[in-house]
Amino acid sequence: MPTTAAPLPSTPPPFTTARLDALPLEPAYAEEMAAVLADPALYVFTGGEPPAPAALRARYERQCAGSPDPGERWWNWVLRVREDGGLAGYVQATVRGPRAEIAWVVGTPWQGRGYAGEAAQGLAAHLVTAGGVRKLVAHIHPDHAVSAAVAVAAGLGPTGEWEDGERRWAGSVAVPPVP
């Protein structure tokens with residue numbers, strides 16, 4: 001008898017890593033996240049500028065409302081550092097069937113501690129178990145060596161494809177063995 005997979009939830013399930021709690025995005029995080037994202041250096045490779053809290057709240061409301069495409073999920077998490085309880089960045093995934101396009105940002109004060117790599121690895125593992133994802137994709141500016149290293153940590157490798165001046169990175173993720 002054929003079976004169908006259960007539909008993915010609109011709100012992503014939380015997940016944890018060794019040092020981070022990935023909490024589903026909520027508009028209430030906008031004020032604290034505006035401070036996390038306040039350094040203009042974060043936008044050197046991606047463009048844009050630090051968001052004002054009200055603009056970030058409006059963006060978070062749109063993201064939390066979800067994609068207008070019923071076959072696509074916008075899953076977004078803020079990253080809380082368990083040691084001090086403060087937010088340090090975010091990870092996100094646009095999930096469409098077994099494929100997810102992922103991204104990550106860690107605020108400048110928290111960089112250099114391995115949080116981005118840890119979060120990206122945790123995100124990849126979580127997408128396999130919670131979302132049925134088998135292929136990951138990210139887009140990275142060719143001069144952004146740190147983001148390239150994070151992509152490698154998440155199991156991605158560079159492809160020959162480009163989009164808007166960024167290289168596409170991709171990787172297949174394995175289903176973890178059943179214990």
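What you see below is based on every heavy atom in this structure, not just the backbone, and it leaves out hydrogens, waters and symmetry mates.
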**Q** Which pairs count as salt bridge (Lys or Arg N to Asp or Glu O under 4.0 Å) when at least one residue sits in residues 26-47, sequence neighbours excluded?
**A** none
**Q** Does any part of the side chain of Pro68, heavy atoms only, come nearer than 4.5 Å to the side chain of Trp74, both counted from C-beta?
**A** yes
**Q** Any salt bridge between Arg167 and Glu161, counting N to O under 4.0 Å?
**A** no
**Q** Tell me, do Ile140 and Arg168 make a side-chain contact under 4.5 Å, heavy atoms counted?
**A** no
**Q** Check the pair Leu20 / Val81 against side chain to side chain contact (heavy atoms under 4.5 Å, CB included), numbers first and verdict last.
**A** CA-CA 5 Å; Leu20 303 169; Val81 178; 4.0 Å; yes
**Q** Establish, from distance only, whether the side-chain atoms of Thr94 and Glu101 form a donor-acceptor pair under 3.5 Å.
**A** no
**Q** Under the ring pair (Phe, Tyr, Trp, His ring centres under 6.0 Å) test against Trp77, which residue among Trp104, Phe15, Tyr90 passes?
**A** Phe15
**Q** If we only count heavy atoms from C-beta on, is the Asp21 to Pro14 side-chain gap below 4.5 Å?
**A** no
**Q** Mind jotting down which residue pairs meet the salt bridge (Lys or Arg N to Asp or Glu O under 4.0 Å) criterion with at least one end in residues 45-68? Sequence neighbours excluded, please.
**A** none
**Q** Between Tyr29 and Leu87, is any pair of side-chain heavy atoms under 4.5 Å apart?
**A** yes
**Q** Among Val128, Val133, Val91, find the one that has a side-chain contact (heavy atoms from CB on, under 4.5 Å) with Leu123.
**A** Val91
**Q** Can we say Arg19 and Glu83 salt-bridge, meaning some charged N sits less than 4.0 Å from an Asp/Glu carboxylate O?
**A** no
**Q** Do Leu127 and Trp75 touch side chain to side chain, with heavy atoms closer than 4.5 Å?
**A** yes
**Q** If you measure from CD on Gln121 to CD on Glu118, what distance do you get to the nearest 0.5 Å?
**A** 8.0 Å
**Q** Leu156 versus Ile102: any side-chain heavy-atom pair under 4.5 Å?
**A** yes
**Q** Which of parallel (below 30°), tilted (30 to 60°) and perpendicular (above 60°) describes Phe45 and His141?
**A** tilted
**Q** Counting only heavy atoms from other residues, nucleotides and ligands, does the tally under 6.0 Å from CG of Asp143 exceed 12?
**A** yes
**Q** Do Tyr43 and Val106 share a hydrophobic cluster, counting only Ile, Leu, Val, Met, Phe, Trp and Tyr and linking them when any side-chain heavy atoms are less than 4.5 Å apart?
**A** yes
**Q** Are Pro24 and Thr11 side-chain neighbours, meaning at least one heavy-atom pair lies under 4.5 Å?
**A** yes
